[in-house]
Colleague: 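For reference, the structure I am asking about is given below.
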2 protein chains.
Amino acid sequence: MQHSLSSQIGLLLRFAQAAVWGDLLDTFKPFGFRPQHYAALKIVDSKPGCKQQDLGGALGISRSNLVMLIDELVEQKLIERRQNLEDRRSNALHLSARGRALLPELDRGQQAHEGRLASLLEEGEQEILVALLRKLGKLRKLDVT
Amino acid sequence: MQHSLSSQIGLLLRFAQAAVWGDLLDTFKPFGFRPQHYAALKIVDSKPGCKQQDLGGALGISRSNLVMLIDELVEQKLIERRQNLEDRRSNALHLSARGRALLPELDRGQQAHEGRLASLLEEGEQEILVALLRKLGKLRKLDVT
DNA sequence: TATTGTTATACTCTATAACTATA
DNA sequence: TATAGTTATAGAGTATAACAATA
């Protein structure tokens with residue numbers, strides 16, 4: 001083999017993602033939740049009235065595992081499950097006033113995290129990284145049932 | 001927030017790593033093990049007589065969780081735990097003849113995997129990706145106890 | 001006193017299957 | 001018959017704490 005272990009993309013990706021995810025976990029721990037909670041709030045904020053499964057694809061979480069995630073946000077009174085009058089099987093998700101008020105603070109946390117990332121990268125590398133990661137994601141369509 | 005959710009590096013990294021890792025899992029499943037098993041074999045091959053914890057840092061696995069991983073390789077008679085005469089606390093890991101014979105086949109699997117990755121990337125992008133992932137990894141020293 | 005390997009255990013994540021209510 | 005949400009549970013992966021042997 002021509003490649004040394006430390007250049008294998010699989011392991012490198014694993015370590016990089018562990019590092020970045022760990023920083024994100026620390027970022028949102030003070031608020032009592034994980035990066036997915038923040039991402040869920042952002043989606044509901046941009047798509048008021050969306051149904052739970054709309055979050056599934058964006059977050060890579062199955063509908064059964066979404067339930068608990070949303071439960072936790074409901075418990076903290078940050079989002080609400082309202083009735084969808086057009087299709088009563090689904091819930092219409094909305095941010096509460098409390099959730100809306102909390103978002104800017106969470107955004108600052110996210111920005112601080114992104115700042116730490118940016119400090120590791122040269123100018124323009126962030127965009128390159130995003131493009132490359134998108135390409136890698138194509139290796140496998142994650143089908144979130 | 002100026003960023004759309006799909007450009008957040010944290011989630012993108014998560015999805016990319018899930019995709020690549022999934023492909024790696026499929027790659028080594030026919031042999032009855034996971035990517036870490038292959039990585040461990042490669043390390044022992046390049047550092048005959050190394051001790052178990054030498055694998056820890058390279059694989060990001062704690063010494064307690066390494067035990068089972070190595071157990072599995074020993075069960076398949078691919079590596080051997082020999083006595084380290086200089087320090088009898090540690091084991092000296094060696095590939096068995098069977099393990100050595102299996103490596104080329106595993107390497108072909110790994111190369112097929114890398115080929116699938118390469119088909120997603122333009123010329124030279126793989127090297128850029130490796131450099132960027134290394135930088136991101138610096139965000140957090142994973143201390144494998 | 002510190003280190004290597006080991007064991008046992010707890011905890012988190014994710015996956016799966018079955019159920020209900022609606023469509 | 002299919003879909004949205006829910007529940008319960010199993011499994012994998014990881015983390016933690018204690019122990020024996022050796023240094």
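Residue numbers begin at 1 in each chain, while the letters A, B, ... track the order of the sequences.
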Colleague: Would you kindly say whether B:Gln52 and B:Arg81 are connected by a side-chain donor-acceptor distance under 3.5 Å?
Modeller: yes

Colleague: Taking any atom closer than 4.0 angstrom to a non-hydrogen atom of chain A, what span of DNA chain C does the protein reach, first nucleotide to last?
Modeller: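 With heavy atoms of chain A under 4.0 Å away, the range is C:dC13 to C:dA23.
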
Colleague: Just to verify, what does A:Glu72 make a side-chain contact (heavy atoms from CB on, under 4.5 Å) with, not counting sequence neighbours?
Modeller: A:Arg34, A:His37, A:Met68, A:Leu69

Colleague: Among residues at least two apart in sequence or on other chains, which ones pass side-chain hydrogen bond (donor to acceptor under 3.5 Å, both in side chains) with A:Asp23?
Modeller: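 Residues passing side-chain hydrogen bond (donor to acceptor under 3.5 Å, both in side chains) with A:Asp23: A:His113, A:Arg116.
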
Colleague: For the backbone of B:Gly22 and the side chain of A:Arg140, can you confirm whether one donor and one acceptor N or O come within less than 3.5 Å of each other?
Modeller: yes

Colleague: Tell me every residue that passes side-chain hydrogen bond (donor to acceptor under 3.5 Å, both in side chains) with B:Arg134, counting only those two or more places apart in sequence or in another chain.
Modeller: none

Colleague: OP1, OP2 of D:dG13 versus side-chain N and O of A:Arg14: anything below 4.0 Å?
Modeller: no

Colleague: Which heavy-atom pair separates A:Leu66 from A:Gln53 by the least distance, and what is that distance?
Modeller: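 The pair with the smallest heavy-atom distance is CD1-CA, 4.3 Å.
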
Colleague: Under the side-chain hydrogen bond (donor to acceptor under 3.5 Å, both in side chains) rule, collect the residues that match up with B:Asn84, sequence neighbours excluded.
Modeller: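 B:Asn84: side-chain hydrogen bond (donor to acceptor under 3.5 Å, both in side chains) contacts with B:Ser90.
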
Colleague: Under 4.5 Å between side-chain heavy atoms, hopping through other hydrophobics if needed: is there a path connecting A:Ile61 to A:Leu73?
Modeller: yes

Colleague: What is the distance, to the nearest angstrom, from the CD1 atom on B:Ile61 to the P atom on D:dA12?
Modeller: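 It is 16 Å, rounded to the nearest whole Å.
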
Colleague: Using the test ring pair (Phe, Tyr, Trp, His ring centres under 6.0 Å), find all partners of B:Phe28 that sit at least two apart in sequence or belong to another chain.
Modeller: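 Partners of B:Phe28 by the ring pair (Phe, Tyr, Trp, His ring centres under 6.0 Å) criterion, ordered by chain and then number, come out as B:Tyr38.
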
Colleague: Counting only non-hydrogen atoms, which of residues 46-55 of chain B are less than 4.0 Å from DNA chain C?
Modeller: B:Lys51, B:Gln52, B:Gln53

Colleague: So that I can tick it off, tell me whether B:Lys51 and B:Asp87 are bridged by a salt bridge, with the cut-off set at under 4.0 angstrom between side-chain N and carboxylate O.
Modeller: no

Colleague: Once you round it to whole Å, what is the distance between C1' of D:dG5 and CG of A:Leu66?
Modeller: 10 Å

Colleague: With the 4.5 Å side-chain cut-off for hydrophobic clustering, are B:Leu55 and B:Phe33 part of the same group?
Modeller: yes

Colleague: Taking side-chain hydrogen bond (donor to acceptor under 3.5 Å, both in side chains) as the test, write out the residues that go with B:Asn65, two or more places apart.
Modeller: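 Once residues adjacent in sequence are excluded, the partners of B:Asn65 under the side-chain hydrogen bond (donor to acceptor under 3.5 Å, both in side chains) criterion are B:Ser62.
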
Colleague: Would you say the side chain of A:Asp54 lies within less than 4.5 Å of the side chain of A:Ile43, judging by non-hydrogen atoms?
Modeller: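 Sidechains of A:Asp54 and A:Ile43: no contact.
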
Colleague: With A:Ala18, which residues qualify under side-chain contact (heavy atoms from CB on, under 4.5 Å), at least two apart?
Modeller: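 Here no residue qualifies.
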
Colleague: Please list, in numerical order, the residues of residues 19-33 of chain A that have a heavy atom closer than 4.0 Å to any atom of DNA chain D.
Modeller: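 Residues of residues 19-33 of chain A under 4.0 Å from DNA chain D: none.
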
Colleague: Could you see if B:Leu11 belongs to whatever hydrophobic cluster contains A:Ile70? Use Ile, Leu, Val, Met, Phe, Trp, Tyr and a side-chain cutoff under 4.5 Å.
Modeller: yes

Colleague: Base contacts versus sugar-phosphate-only contacts with protein, heavy atoms under 4.0 Å: please encode nucleotides 15-23 of chain D as B, S and - from 5' to 3'.
Modeller: BBB---BBS

Colleague: At a heavy-atom distance below 4.0 Å, what parts of residues 71-83 of chain B sit against DNA chain C?
Modeller: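 Per residue number, the list reads B:Arg81.
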
